[in-house]
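Worksheet: one structure, shown below.
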Amino acid sequence: MITNSAIAPEITTALQPRKPLDANRYATKKTIAQGMLDIALLTANASQLKYILQIGDKHEFYSLMLGLITTSIILQVIAAAVAIALARMDIENADQSKIIANLGHIVVSCSTISMFLDIVKLGFGFEDAVPVKEHNG
């Protein structure tokens with residue numbers, strides 16, 4: 001008989017049948033995880049928006065950066081709102097399956113376009129726009 005407590009739980013769980021995958025639970029966890037990542041990206045975009053507004057026209061690509069950041073934020077908010085609606089739906093309901101699929105496509109599309117905009121935005125850089133403070137004296 002094995003008495004090691006680190007090994008014993010693995011043996012007992014290996015003998016028990018696996019539970020079937022609960023699609024609703026999986027979808028909910030996936031939506032929550034995606035929401036956490038979206039919050040992180042939204043926070044980064046808000047910080048970049050604040051920075052670009054502080055720099056103003058001193059940044060060589062001010063208008064482009066402002067447009068990219070605001071478009072990305074708008075897409076993130078749309079994706080989050082749709083994801084919240086998805087989290088409240090029953091994935092096993094046949095009547096809602098087509099709606100759920102379409103809403104899922106909307107979330108993925110918004111997230112993909114937002115990420116593409118963020119990649120383009122980073123290509124124009126923030127490090128070159130730091131204003132140099134002059135010292136008198």
Side-chain angles (χ1 to χ4, degrees):
M1 179 172 211
I2 300 173
T3 58
N4 187 345
S5 63
I7 297 174
E10 293 175 13
I11 293 172
T12 58
T13 56
L15 298 176
Q16 296 173 353
R18 290 184 172 217
K19 295 179 184 177
L21 178 67
D22 182 8
N24 275 327
R25 186 172 177 186
Y26 171 77
T28 301
K29 285 184 176 185
K30 181 182 170 195
T31 303
I32 290 170
Q34 183 178 358
M36 299 283 187
L37 292 173
D38 288 341
I39 289 171
L41 187 58
L42 185 62
T43 303
N45 275 337
S47 174
Q48 292 169 353
L49 180 62
K50 177 183 173 188
Y51 176 77
I52 203 74
L53 290 174
Q54 286 175 342
I55 296 296
D57 290 335
K58 295 176 187 173
H59 194 282
E60 185 178 5
F61 303 106
Y62 173 74
S63 297
L64 176 65
M65 295 296 283
L66 189 61
L68 289 172
I69 293 169
T70 53
T71 304
S72 181
I73 289 173
I74 290 168
L75 287 171
Q76 289 169 353
V77 169
I78 291 170
V82 174
I84 289 170
L86 273 174
R88 307 182 114 245
M89 299 179 102
D90 183 8
I91 201 168
E92 293 177 359
N93 185 340
D95 296 334
Q96 293 182 355
S97 64
K98 188 169 183 161
I99 296 169
I100 290 171
N102 289 335
L103 290 176
H105 293 310
I106 291 171
V107 170
V108 170
S109 299
C110 287
S111 297
T112 303
I113 294 169
S114 177
M115 193 168 302
F116 174 75
L117 292 176
D118 289 337
I119 291 169
V120 170
K121 174 183 65 183
L122 291 176
F124 289 99
F126 284 98
E127 65 278 350
D128 298 333
V130 177
V132 178
K133 295 183 180 179
E134 296 180 18
H135 296 291
N136 294 333

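Hydrophobic cluster membership differs between Ile106 and Val108, with clusters built from Ile, Leu, Val, Met, Phe, Trp and Tyr side chains linked at under 4.5 angstrom. Linking Ile, Leu, Val, Met, Phe, Trp and Tyr residues whenever their side-chain heavy atoms come within less than 4.5 Å places Phe116 and Phe61 in a single cluster. Under the 4.5 Å side-chain heavy-atom criterion for ILVMFWY residues, a single connected hydrophobic cluster contains both Leu49 and Leu117. No continuous path of ILVMFWY side-chain contacts below 4.5 Å connects Met115 to Val120, so the two sit in separate hydrophobic clusters. Criterion: ILVMFWY side-chain heavy atoms under 4.5 Å apart, direct or through other members. Under it, Leu41 and Ile52 are not part of a common hydrophobic cluster.
Among Ile78, Val82, Val77, the one residue that satisfies the side chain to side chain contact (heavy atoms under 4.5 Å, CB included) test with Cys110 is Ile78.
Between Asp118 and Ser72 the shortest heavy-atom distance is OD1-OG, 3.1 Å. Minimum interatomic distance between Met89 and Leu103 (heavy atoms only, all atoms of both residues): SD-CD1, 3.8 Å. The minimum heavy-atom distance linking Val107 with Ala83 is given by the pair CG2-N, 3.8 Å.
Taken to the nearest 0.5 Å, the CG atom of Asn45 stands 15.0 Å off from the NZ atom of Lys50. Within the model, atoms CD of Gln76 and OG1 of Thr43 stand 9.0 Å from one another, a figure rounded to the nearest 0.5 Å. Residue Ser114 holds its OG atom at 10.5 Å from CG of Leu68, rounded to the nearest 0.5 Å. One finds the CE atom of Met65 at 11.5 Å from the CG atom of Leu53 (value rounded to the nearest 0.5 Å). Considering OG of Ser63 and CG of Asp57, their distance stands at 7.0 Å, rounded to 0.5 Å.
At distances below 3.5 Å, at least one donor-acceptor pair connects side-chain atoms of Thr70 with backbone N or O atoms of Leu66.
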Could you walk me through whether Gln48 and Leu122 pass the side-chain contact (heavy atoms from CB on, under 4.5 Å) test, one step at a time?
-> CA-CA 10 Å; Gln48 292 169 353; Leu122 291 176; 4.1 Å; yes

